[in-house]
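First up is the structure itself, then whatever we jot down about it.
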Amino acid sequence: MSAVSDRLPTFPWDKLEPYKKTAAAHPDGIVDLSVGTPVDPVPELVQKALIDAADSPGYPTVWGTPALRDAICGWLERRLGAREVTHRHVLPVVGSKELVAWLPTQLGLGPGDRVAYPRLAYPTYEVGARLARAKYETYDDPRDLDPAGLKLLWLNSPSNPTGKVLGKEELTEIVAWARAHGVLVVSDECYLELGWEADPVSVLHPDVNGGSYDGIVVVHSLSKRSNLAGYRAAFIAGDPAVLGPLLEIRKHGGMMTSAPTQAAVVAALGDDAHVHEQRARYAARREALRSALLSHGFRIEHSEASLYLWATRDEPCWTTVAHLADLGILVAPGDFYGPAGDTFVRVALTATDERIAAAVARLR
């Protein structure tokens with residue numbers, strides 16, 4: 001076990017604990033805008049579906065129920081504009097972080113293989129490569145990478161942490177480049193339904209992939225869109241030649257979503273009203289926080305989508321973290337997401353209206 005754990009970096013959030021204690025000592029309490037965990041209620045129709053499926057004594061299947069696969073296929077076509085999606089094109093997973101961390105291993109990657117991800121990125125892309133003992137590297141533009149030995153190319157649009165959105169033309173060119181070099185594209189699109197100043201596009205859209213899913217896979221999660229982080233509900237979709245072997249591997253590994261959760265996902269994917277309601281909550285919080293941060297001397301870059309504001313005072317990120325902690329506000333340091341973020345902080349929109357109002361008052 002130590003040999004495996006030794007491959008991994010220090011868990012980044014542990015470094016934030018002293019600042020969390022400082023923020024928690026504020027007379028009016030902490031405003032935690034760091035991790036980005038949902039705080040609003042799980043939609044009632046989703047809770048009801050979970051409860052109705054509570055009497056599920058048998059083992060669920062890794063591939064999910066036909067109803068779940070139908071729901072995923074329907075959502076992909078309705079929301080993303082995908083065409084001719086069948087059950088062979090979809091696979092439920094136990095939360096997107098599990099998938100990201102173990103995908104390189106499950107793809108059979110190892111020493112000598114290369115994994116690439118954005119220069120500013122979710123740390124688990126690197127963790128997944130490390131677990132597989134594969135080489136890893138970052139990019140500004142993936143088309144500048146040496147394709148030799150490059151087996152897995154992670155895209156992330158909208159980006160965590162920056163909120164940057166890749167346009168349709170750029171995505172189309174990246175997919176074409178990857179196909180020309182035999183590189184698997186896996187696009188993390190977990191924030192796709194949270195576009196503010198841009199309309200994010202999926203690589204499953206035919207304008208991007210030319211009507212073919214060859215060599216592309218997308219990752220989607222219900223954690224943010226439906227407040228289901230506690231349910232561990234996500235799925236991947238795309239090339240059946242990739243998903244088929246993954247299904248077999250995951251069957252052997254027992255990597256199955258619980259039956260009640262599967263039923264809850266069916267309900268969540270079939271309803272758009274609760275997504276619009278949640279978007280409205282986040283939009284209001286985003287506007288309030290953005291205005292307060294700007295008035296406090298911050299500059300905000302990108303942030304046209306996702307659940308975060310990528311903000312800077314042009315100083316070391318930990319100096320900013322300490323400054324905000326003194327105000328009782330906890331944020332994530334930008335260097336959690338790579339050295340290129342060392343003067344930025346990531347400010348999450350995931351706090352109650354009351355806590356957001358408290359943060360705004362303190363910033364002003």
Atom pairs and distances, donor-acceptor, side-chain atoms in residues 327-337, under 3.5 Å, two or more places apart:
unit_1: D335; atom_1: OD1; unit_2: W318; atom_2: NE1; d: 3.4
unit_1: D335; atom_1: OD2; unit_2: W318; atom_2: NE1; d: 3.0
unit_1: Y337; atom_1: OH; unit_2: R346; atom_2: NE; d: 3.3
unit_1: Y337; atom_1: OH; unit_2: R346; atom_2: NH1; d: 3.1

Under 3.5 Å, which donor-acceptor pairs do the side chains of residues 100-109 form with other protein atoms, sequence neighbours left out?
unit_1: Q106; atom_1: OE1; unit_2: R250; atom_2: NH1; d: 3.4

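Y139 and R119 form no side-chain donor-acceptor contact under 3.5 Å, judged by distance and modelled atom types alone. Judged purely by distance below 3.5 Å, without hydrogens or angles, the side chains of H274 and S226 pair a donor atom with an acceptor atom. Side-chain contact of R364 with S291: a donor-acceptor pair under 3.5 Å is present, judged by distance alone. A donor and an acceptor atom, one from each side chain of Y191 and Y308, are located under 3.5 Å apart. No side-chain donor from either of H323 and T320 sits under 3.5 Å from a side-chain acceptor of the other.
Across all their heavy atoms, Y213 and E84 have their closest contact at CE1-O, 4.4 Å. In terms of heavy atoms, K224 sits closest to Q278 at O-CG, 4.4 Å.
Remark: E248 engages K251 in a side-chain hydrogen bond (donor to acceptor under 3.5 Å, both in side chains) (not counting sequence neighbours).
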Practice task
Assess whether side chain to side chain contact (heavy atoms under 4.5 Å, CB included) is satisfied between V186 and L155, documenting all intermediate values.
Solution key: CA-CA 6 Å; V186 182; L155 303 182; over 6 Å; no
Exercise for the section: Carefully, step by step, assess D272 and R78 under the rule salt bridge (charged side-chain N to carboxylate O under 4.0 Å, His left out). Expected result: CA-CA 10 Å; D272 294 329; R78 184 179 79 250; 3.0 Å; yes
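Just one residue in the list V93, L222, V94 forms a side chain to side chain contact (heavy atoms under 4.5 Å, CB included) with R232, and that residue is V94.
Taking 4.5 Å as the limit, every side-chain heavy atom of H205 sits out of range of all side-chain heavy atoms of L80.
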